[in-house]
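Everything below concerns the one structure shown next.
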Amino acid sequence: GTWTATFDSAGNAVGTLVSGSSTFNLKGEVAENGIINAEFMSGTTVVGTMTGTLTDKTGSGTWNNKIQNYNGTWTGTKN
């Protein structure tokens with residue numbers, strides 16, 4: 001799948017996560033030390049979580065789809 005997110009100066013993140021034919025809303029927070037904790041949702045139902053670390057240019061971590069019992073790793077780069 002793919003994901004995109006926008007981060008504001010307070011560390012709040014909003015975006016989307018696309019997996020197969022499903023699109024989820026993504027929302028979370030990034031701490032000053034770069035630790036990210038986010039949830040992806042279908043409507044108001046939390047489907048899963050993304051956790052990891054962001055630097056100035058890259059990010060990586062793990063994701064867990066609690067409803068379908070899938071998990072894996074994610075990576076990203078800053079545009």
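Positions are given from 1, in the same order as the sequence printed here.
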TODO: Report, as yes or no, whether the 6.0 Å neighbourhood of atom CG on Asn33 holds more than 12 heavy atoms from other residues, nucleotides or ligands.
DONE: yes
- [ ] Would you kindly say whether Ser42 and Thr45 are connected by a side-chain donor-acceptor distance under 3.5 Å?
- [x] no
Please find the pair of heavy atoms, one from [X] and one from [Y], that lie closest to each other, and give the distance.
X: Asp56; Y: Lys78; value: O-CD, 3.3 Å
X: Thr4; Y: Leu26; value: O-CD2, 4.1 Å
X: Trp63; Y: Thr73; value: NE1-O, 3.3 Å
X: Glu39; Y: Val46; value: OE1-CG2, 3.8 Å
X: Trp74; Y: Ile36; value: CZ2-CG2, 3.8 Å

Open item on the list: Measuring from atom CD of Glu29 to atom NZ of Lys27, what distance do you get when rounded to the nearest 0.5 angstrom?
Closed with: 9.5 Å
Open item on the list: To the closest 0.5 Å, what do you measure between OG1 (Thr16) and CG (Asn25)?
Closed with: 8.0 Å
TODO: Taking the side chain as every heavy atom from C-beta outward, state whether Phe7 and Leu54 have any pair of such atoms under 4.5 Å apart.
DONE: yes
Task: Close side-chain approach of Val47 to Met41, heavy-atom, < 4.5 Å - done: no
Task: Exam field: side chain Trp3 to backbone Ser19, donor-acceptor pair closer than 3.5 Å - done: no
Task: Cluster check Phe24, Val14: I/L/V/M/F/W/Y, side chain < 4.5 angstrom - done: no
TODO: Only one of Thr62, Asn64, Asn37 passes side chain to side chain donor-acceptor pair (under 3.5 Å) with Thr51; say which it is.
DONE: Thr62
